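Before any comments, here is the structure.
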Amino acid sequence: MRAMDRRAAAVLLLAVAGCRPAPRVDVAPERHGSSVRVGLLVRAPEATLKSRGAWRATSDEGTWTIPDGASLRVWMADGRLAAALEDGVSHGGATEIRLDPVGDESLLVVGTTPYRGGFRLRSDAGKVTVIDVLDIETYLRGVVGWEIGWLSSDLRSAVEAQAIAARTYTCTRLGQFEVQGFDVYADERDQVYKGALRDDAVVDRAIAATRGLVLRYDGQLIQAYYSSTCGGYTSWIEHVWPKPAADYLRGQRDAAADGRSYCADSPHFRWTETWTGAALEQTLRETLPRVLQLPPETRVGPLVDLRVVERDASGRVLDLDVETADRTYRVHGDAIRWALRPPRRPLLRSLMFELGVERAGGALTRIEVRGGGNGHGVGMCQSGALGMARRGLDCETILEHYYPGARSARAY
């Protein structure tokens, strides 16, 4: 979701590399407890883990020790997990390997990122899956700053709002990948989680001050979506994704009494993207089959025109027609952002845009998109939350503004 709206980005890259115009689930069945299982590596060919401090490993073969500073390589052999330390001692034939820290300061490095908690190594579809198991409050220490940024203490109310939104999101996702043994991904498919890579006093105080608090509407956990910058007007969930309307996720003007948008200081508040006709035509040949889930043999013809069909009250584009020499493709909602992929970006920053088309001799020569905001615009605007915090508004006021009617309550 951020950094500040990277969750949207990876969702499509995964569903087709990942085509995901809409989130996978609304709210998973509520599960009691305060722990979360994070998929760090999912269905990888192999994994190399490095210890900081000693670890205890438990597998079908029994229990063994991973000493401080050791590297553990894990791979699949004959359909089961195999593992070996640098000293050449191997352990094989396991369906699952459990790793538990020997001391409170023990960390496990996956890739270049150190993580807290305990770990489960599982075989899944003939590949290796690495899962971090830890309490939600510790998990949030590796999420909140990476989502909203590293901020000074005078902006703590925005950090607290982010902590509550992220905690709520986490609680709604518990159990969503039960078959694979974890709850959330460690990247933009859910929330960016960087373990113990960077600790921050402001983040830690915000998490402690809001410990266990989540948002509920009519007694139910809400869908606590958030994105980087709304551009001055938040969005309706049903306009962005094919999902039912929610009273607490409706579009509204995001501005102070003086008329200044709360997110006006964001570098994404207003922006411009341009393509040559040939460049956009090539992009659409690649993106349209993905976002519209067309048959693999589909070939998108030469680009003839682009037309905005409908907007909502926020100015966001609801439907876009892409006319080619062969047919006209209608693209709806958030999928438009994936179709109009700009140079050097994975997707268009926002659906809040004006479209300009230039022609020469009947052919498209230049397309310009002048837009506002960054992200889907549903729920909390992170830049707006910062703007509210700068005006001295507290955490509860921020959350009531972005999730009208939702109230904070203890989850555990």
Side-chain angles (χ1 to χ4, degrees), residues 1-9 23 26-27 140 143-149 151 155-173 188 190-192 203 206-207 209-210 213-217 221-241 243 245-256 261-266 268-269 314 316 334 349-352 372-391 393-409:
M1 275 193 187
R2 172 193 164 75
M4 295 167 174
D5 186 34
R6 290 181 306 225
R7 174 185 326 135
D26 289 332
V27 176
L140 292 176
V143 170
V144 172
W146 297 99
E147 287 288 355
I148 199 167
L151 306 172
L155 299 177
R156 181 174 157 184
S157 62
V159 186
E160 290 176 352
Q162 177 67 71
I164 293 175
R167 187 183 293 109
T168 305
Y169 180 92
T170 304
C171 288
T172 64
R173 265 51 185 177
E188 299 86 347
D190 283 298
Q191 299 178 121
V192 174
V203 167
I207 293 170
T210 64
L213 288 178
V214 294
L215 292 169
R216 294 183 181 273
Y217 185 89
L221 288 170
I222 73 164
Q223 302 171 63
Y225 290 113
Y226 54 88
S227 63
S228 164
T229 307
C230 72
Y233 210 113
T234 61
S235 189
W236 292 257
I237 185 171
E238 69 272 23
H239 291 179
V240 176
W241 301 302
K243 301 171 71 65
D247 287 342
Y248 57 86
L249 293 176
R250 299 187 60 77
Q252 62 177 345
R253 182 76 173 95
D254 187 37
S261 296
Y262 287 125
C263 61
D265 291 332
S266 167
H268 303 292
F269 185 66
S314 73
R316 288 179 172 84
D334 206 48
R349 274 177 271 197
S350 170
L351 292 175
M352 185 185 292
N374 185 31
H376 49 69
V378 178
M380 186 174 70
C381 170
Q382 292 169 304
S383 296
L386 296 179
M388 295 181 74
R390 291 188 185 99
R391 290 173 178 260
L393 300 173
D394 62 20
C395 169
E396 288 298 324
T397 301
I398 293 171
L399 292 172
E400 288 172 5
H401 173 69
Y402 288 112
Y403 307 105
R407 296 291 180 265
S408 59

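Along the sequence shown, residues carry numbers from 1. Please read these numbers as outputs of a predicted model, since none were measured by experiment.
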| said: Could you work out, with ring pair (Phe, Tyr, Trp, His ring centres under 6.0 Å) as the rule, every residue matching F269, not counting sequence neighbours? | reply: none
| Stepwise, does the side chain to side chain contact (heavy atoms under 4.5 Å, CB included) test hold for I398 with S157? | CA-CA 8 Å; I398 293 171; S157 62; 3.8 Å; yes
| query | What residues form a ring pair (Phe, Tyr, Trp, His ring centres under 6.0 Å) with Y403, not counting sequence neighbours? | reply | none
| Is there a side-chain contact between V378 and S235, using heavy atoms and a 4.5 Å cut-off? | yes
| query | Just how far is it from atom CG of L155 to atom CD of Q162, taken to the nearest 0.5 Å? | reply | 13.0 Å
| request: Would you sort out whether S261 and R253 count as a side chain to side chain donor-acceptor pair (under 3.5 Å), showing the intermediate values? | output: CA-CA 8 Å; S261 296; R253 182 76 173 95; 2.9 Å; yes
| message | Are Q223 and K243 packed together at the side-chain level, in the sense that at least one heavy-atom pair is separated by less than 4.5 angstrom? | response | yes
| said: Counting C-beta onward and ignoring hydrogens, is there a side-chain heavy-atom pair between C395 and I164 closer than 4.5 Å? | reply: yes
| Going by the angle between their ring planes, with limits at 30° and 60°, are W241 and Y225 parallel, tilted or perpendicular? | tilted
| task | To the nearest 0.5 Å, tell me how far I222 CD1 sits from L399 CG. | result | 8.0 Å
| task | Any chance you could measure T229, atom OG1, to D265, atom CG, to the nearest 0.5 Å? | result | 10.5 Å
| said: Please verify the inter-ring angle class for Y248 with Y217; under 30° counts as parallel, over 60° as perpendicular, anything in between as tilted. | reply: tilted
| Is there a side-chain contact between H401 and M380 (heavy atoms, below 4.5 Å)? | no
| said: With heavy-atom distances below 4.5 Å as the criterion, would you say the side chains of C230 and Y262 are in contact? | reply: no
| query | Is E238 close to R250 at the side-chain level, that is, under 4.5 Å between some pair of heavy atoms? | reply | yes
| task | Output the distance between atom CG (D254) and atom OG (S383), rounded to the nearest 0.5 Å. | result | 9.5 Å
| query | For R390, which residues count as a salt bridge (charged side-chain N to carboxylate O under 4.0 Å, His left out) partner, sequence neighbours excluded? | reply | none
| said: Just verifying a value: how many Å separate L215 CG and R407 CZ, rounded to the nearest 0.5 Å? | reply: 10.0 Å
| said: Checking S228 against H268 for the side chain to side chain contact (heavy atoms under 4.5 Å, CB included) test, could you report, in this order, the C-alpha distance in whole Å, the side-chain angles of both residues, the deciding distance, and whether it holds? | reply: CA-CA 8 Å; S228 164; H268 303 292; 4.0 Å; yes
| Judged by atom type as modelled, is there a donor-acceptor pair below 3.5 Å linking the side chain of T234 to the main-chain atoms of G379? | no
| request: Answer yes or no: is there a side-chain heavy-atom contact under 4.5 Å between R316 and M352? | output: yes
| said: Once rounded to the nearest 0.5 Å, what's the spacing between atom CG of D394 and atom CD of E400? | reply: 8.0 Å
| message | I want to check something: taking the side chain as every heavy atom from C-beta on, are T170 and R167 in contact at a cut-off of under 4.5 Å? | response | no
| query | Going through the checks in order, is the side chain to side chain contact (heavy atoms under 4.5 Å, CB included) test met by Q382 and L386? | reply | CA-CA 6 Å; Q382 292 169 304; L386 296 179; 5.9 Å; no
